[in-house]
Amino acid sequence: MASKAFLIAITVVGIAAPKAFATDYVVDWALGVNYTAWAEGKDFYVGDRLTIADPTAFATDYVVGDLSGWTLGVNYTAWAEGKEFYVGDRLSTLID
Ligand SMILES: *[C@@H]1O[C@H](CO)[C@@H](O)[C@H](O)[C@H]1NC(C)=O
Ligand SMILES: *[C@@H]1O[C@H](CO)[C@@H](O)[C@H](O)[C@H]1NC(C)=O
């Protein structure tokens, strides 16, 4: 009976221990990020959590051409000038 209780205690400690020292890592998921460099110097252990930061959380909604919409005669190069687009951005357009 005593040995059964001992085995259960070891099992509980064995499961609980990795979580007690777990580290939460948040990774920004985007183009141009060197993930090898990001991981350098980090020691990862069982129980660590990697969270991929949702790129859509920082997404921008663009209406292409603004109020002119998608039509002839709109200079979309000029419209795009000065804008920086990222993964997760949403492009939509107004259509008559
Ligand atoms: C990414 O980082 C690693 C480690 O610092 C480096 O060796 C590698 O050249 C980098 N890759 C790019 C594409 O910069
Ligand atoms: C469209 O805009 C770009 C950037 O401002 C400019 O270089 C180009 O000449 C324009 N094109 C027309 C047809 O107006």
Side-chain angles (χ1 to χ4, degrees):
M1 190 68 171
S3 63
K4 197 173 192 178
F6 180 69
L7 184 63
I8 289 170
I10 285 183
T11 305
V12 169
V13 168
I15 292 170
K19 279 190 175 176
F21 305 103
T23 305
D24 285 313
Y25 294 99
V26 179
V27 185
D28 291 323
W29 197 252
L31 293 174
V33 176
N34 185 336
Y35 295 103
T36 305
W38 175 85
E40 252 173 12
K42 292 181 176 67
D43 291 317
F44 299 98
Y45 297 99
V46 172
D48 286 354
R49 284 176 292 269
L50 282 177
T51 305
I52 308 294
D54 180 7
T56 60
F58 308 102
T60 304
D61 287 314
Y62 291 100
V63 177
V64 178
D66 297 320
L67 292 178
S68 302
W70 192 253
T71 186
L72 296 173
V74 175
N75 187 335
Y76 295 104
T77 304
W79 174 83
E81 251 174 9
K83 294 180 176 66
E84 289 192 45
F85 300 96
Y86 297 98
V87 172
D89 286 352
R90 285 175 291 267
L91 297 174
S92 61
T93 188
L94 301 175
I95 298 175
D96 284 337

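All ligand and atom numbering here is 1-based and tracks the order in the structure. No hydrogens, no waters, no symmetry mates; every other heavy atom, side chains included, goes into these values.
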Pair Y45, T23 - check side-chain contact (heavy atoms from CB on, under 4.5 Å), show working. CA-CA 8 Å; Y45 297 99; T23 305; 5.8 Å; no
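- Put simply, the side chain of D66 never gets that close to the backbone of S68: no donor and acceptor are under 3.5 Å apart.
- The CG atom of D48 lies 9.5 Å from the CG atom of D43; values are rounded to the nearest 0.5 Å.
- Here the CG-NZ distance, from L50 to K42, works out to 10.0 Å after rounding to the nearest 0.5 Å.
- Linking ILVMFWY residues whenever their side-chain heavy atoms come closer than 4.5 Å, directly or via other members, places L67 and V63 in the same cluster.
- Those atoms of ligand 1 that come under 4.0 Å of a heavy atom in E40, given as number and element, are 4 (C), 5 (O).
- Using a 4.5 Å cut-off between side-chain heavy atoms of Ile, Leu, Val, Met, Phe, Trp and Tyr, with links allowed through other members, Y62 and Y86 fall into different hydrophobic clusters.
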Pairs under 3.5 Å, N/O atoms on ligand 2 and on the protein: can you put them in a table with the distances?
unit_1: ligand 2; atom_1: 2 (O); unit_2: N75; atom_2: OD1; d: 3.1
unit_1: ligand 2; atom_1: 2 (O); unit_2: N75; atom_2: ND2; d: 2.4
unit_1: ligand 2; atom_1: 5 (O); unit_2: E81; atom_2: OE1; d: 3.3
unit_1: ligand 2; atom_1: 5 (O); unit_2: E81; atom_2: OE2; d: 3.4
unit_1: ligand 2; atom_1: 11 (N); unit_2: N75; atom_2: ND2; d: 2.8
unit_1: ligand 2; atom_1: 14 (O); unit_2: N75; atom_2: ND2; d: 3.2

